[in-house]
Structures are given as C-alpha cells and as structure tokens.
Amino acid sequence: MWSFVSTWPFSRQTAEIGAEVLKNGGKAMDAVIEGIHRVESDPNVDCVGKGGFLNEKGELALDAAVMDGDTLKTGAVCAVRGFENPVDIARALMDNTRHSILVGTGAEEFARKMGIPESAMEDLITETARENWRQAAGIGHDTIGAIALDENGSMAVATSTSGANMKLCGRVGDSPIIGSGFYVESGVGGACATGWGEDIMRTCCSYRCVSLMADGMSPAEAVAKVVRTAHETIVRHGGRPDCIALVCMNAKGECAAACNHREFSYVYVWEGMNAPLVIEKEPVIDKDAGDKFIDGVVGYER
Ligand code: GLY
C-alpha cells in the first residue's frame, strides 16, 4: 500500500509525480524529492524555489529539508542562494555526510562540490517576485511539504520554501528545522508544516504530531490537537498566532490536515485513487474569528 500527501493545491503536480514513482514500486524518498523538485523549478509558484519570495535585500534565499523515516537521517539547508533546487542539496547532505544542517555559503560550497547545478540569481527571480518586493506586497510564507509511504513500508518527508517575503537576511523559518517543519518515523508516521515559521518553531508542531500518532491517536485527532494546542499555547503566553497548518500521515497511509486559518488546502493520493484529490480544510481553530475552537472538525481521513 502506498500513499502520498502534500501541502497546498500547487502541489498537485508534486502528488502526481510522487504517485507515479510509488505506483512503479519506487522509494518514498524518491517520491517526495522528485515531486518537490518539480515545484521548485516552476516559476509560477511564488513561495518555493525559482520565482519565490525575496528577502529584504531583494535576494532569493531558499530553505529545504528531507528526512528518511527508516534511518531518521535528515539533511537540511538554509538561506541558500544561486540554486533552483535546494531539496537536492538537502538530500545530498543526508546521503553523503554525517551532518544534518548547512547554512548559507557553506551549503552553497557543498552543493558545488556535489555537482548540483547553479543558476544566476537573476534567472531565479521572476518579475512578479521583484514587483512584490518593490511594493513590499503580500505577506507570503508558504511551504511545500510532502510525506510518502512506499510499498515496503518506508516513509519519507521533504520540505522546500523561499520563506517569508521581505525576511531579514539570514532568517530561517521552520521548514528546514527538524521537529518543527517536518518529522517522520517509518512504522509510526510523518508530519510537515506550512505557515508562519516562527509560530511553528516555538510550538515544535511536526514532532508533536508524530508523537501523538505514536501514542495511538489517529492522524485526524493528532493533527487537530497539535494545531489547536499550538495556537492556544501562543495565546496563553500573550502572543498573537499567525498562520499554522499541518499535514500528516500514519504508517497505514491514512492522512489528515488541520489549520488555524481559512483557505488552506492539501493534496492526497493513495493507491486506491485514480488521481490526487485537493481537499480544502475548515480551520480547527480560527485565528481570524476570535480563536474559537470548532468542535468536531477533525479533518479528512480515509
Ligand atoms: N513556513 C515557512 C517559513 O516561515 O519560512
């Protein structure tokens, strides 16, 4: 039994590629990497790879990560400039070294050593991204995250993002941070996040979600509890939560998602389906409607 889940409707192409890999008996790791690679190279996706949001200096600085649920090995890169596909650098780090995270110039030097193709910064920046930056418009911060289960029971997760629009130089969000933006353990489950990285990091959302599934919760219960708890904890400590959304999958390939804001959708496909399904979520707790917990909204579950 294989299964694949990813964040946001633009990841439909990711799920189609991932499904193709898994259908042909491929590995969960290849499914998430190949699927995310495609979105990184799509200039029309404004928050990932080529065409992504720019930092305060007008540079494209990308974050990405991978995790292998069989070995718990991870690879992550932060604030990488001049590369279209940071997820490939993250995987090369995981596969070829004993390290987990490289930042900035160190990650760029490593990528060159690994023969990963470089691009001129200007070739990675679209007119739309430049215009958003000129106007400081749009508060963008979305992430593509994908989780896969393959026919051997192996699970993998990967994430990629340009991070927050107009971020400070050197700022790192949740997406390359283990346990916050992503986590997976084969035989238990995986989770990954999208939203305002600072809020996701301070509540360690992805590890908490996997941990609740390890304790026996269904994906829908676990993910709803994590988002609700993260939101309420920030409020309890005097904060104002921004967007938090998570998708997750258990070791049986059952998936669910939860969010604290409107207009979040995710994409799900498993071997019993002909094509990926885009599923729109109602918030489990609504940051724009008085933090009201919406009882009974526990997400989609196969
Ligand atoms: N969730 C992406 C970021 O905040 O960088």
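What's counted below: heavy atoms across the whole structure, side chains too, no hydrogens, waters or symmetry copies. Atoms within each ligand, like the ligands themselves, are counted from 1 in listed order. Note that the structure is predicted; figures quoted are calculated from it, not measured.
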[atom1] ([X]) with more than 12 external heavy atoms under 6.0 Å:
{"X": "Arg38", "atom1": "CZ", "answer": "no"}
{"X": "Arg98", "atom1": "CZ", "answer": "no"}
{"X": "Asp288", "atom1": "CG", "answer": "yes"}

Taking 4.0 angstrom as the limit and counting only heavy atoms of [X], give me the atoms of ligand 1 inside it, by number and element.
{"X": "His141", "value": "1 (N), 2 (C), 3 (C)"}
{"X": "Thr143", "value": "1 (N), 2 (C)"}
{"X": "Gly195", "value": "1 (N), 2 (C), 3 (C), 4 (O)"}
{"X": "Ser175", "value": "1 (N), 2 (C)"}

Answer yes or no: does an N/O atom from [X] fall short of 3.5 Å to an N/O atom of ligand 1?
{"X": "Gly197", "result": "yes"}
{"X": "Asp142", "result": "no"}
{"X": "Asp174", "result": "yes"}
{"X": "Gly173", "result": "no"}
{"X": "Arg171", "result": "yes"}

Exercise. Is any side-chain heavy atom of Glu118 less than 4.5 Å from a side-chain heavy atom of Glu108?
Worked result: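 They are not in contact (no side-chain heavy atoms under 4.5 Å apart), so the answer is no.
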Exercise. Hey, are the side chains of Leu60 and Ser162 touching, using non-hydrogen atoms and a 4.5 Å cut-off?
Worked result: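 Side-chain contact under 4.5 Å: yes.
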Exercise. Is there any salt bridge (charged side-chain N to carboxylate O under 4.0 Å, His left out) pair reaching into residues 200-209, and which pairs are they, with sequence neighbours excluded?
Worked result: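 Found Asp199-Arg202.
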Problem set entry | Distance, nearest 0.5 Å, that separates OG1 of Thr203 from CD of Glu232 |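 Nearest 0.5 Å value for the OG1-CD distance: 12.0 Å.
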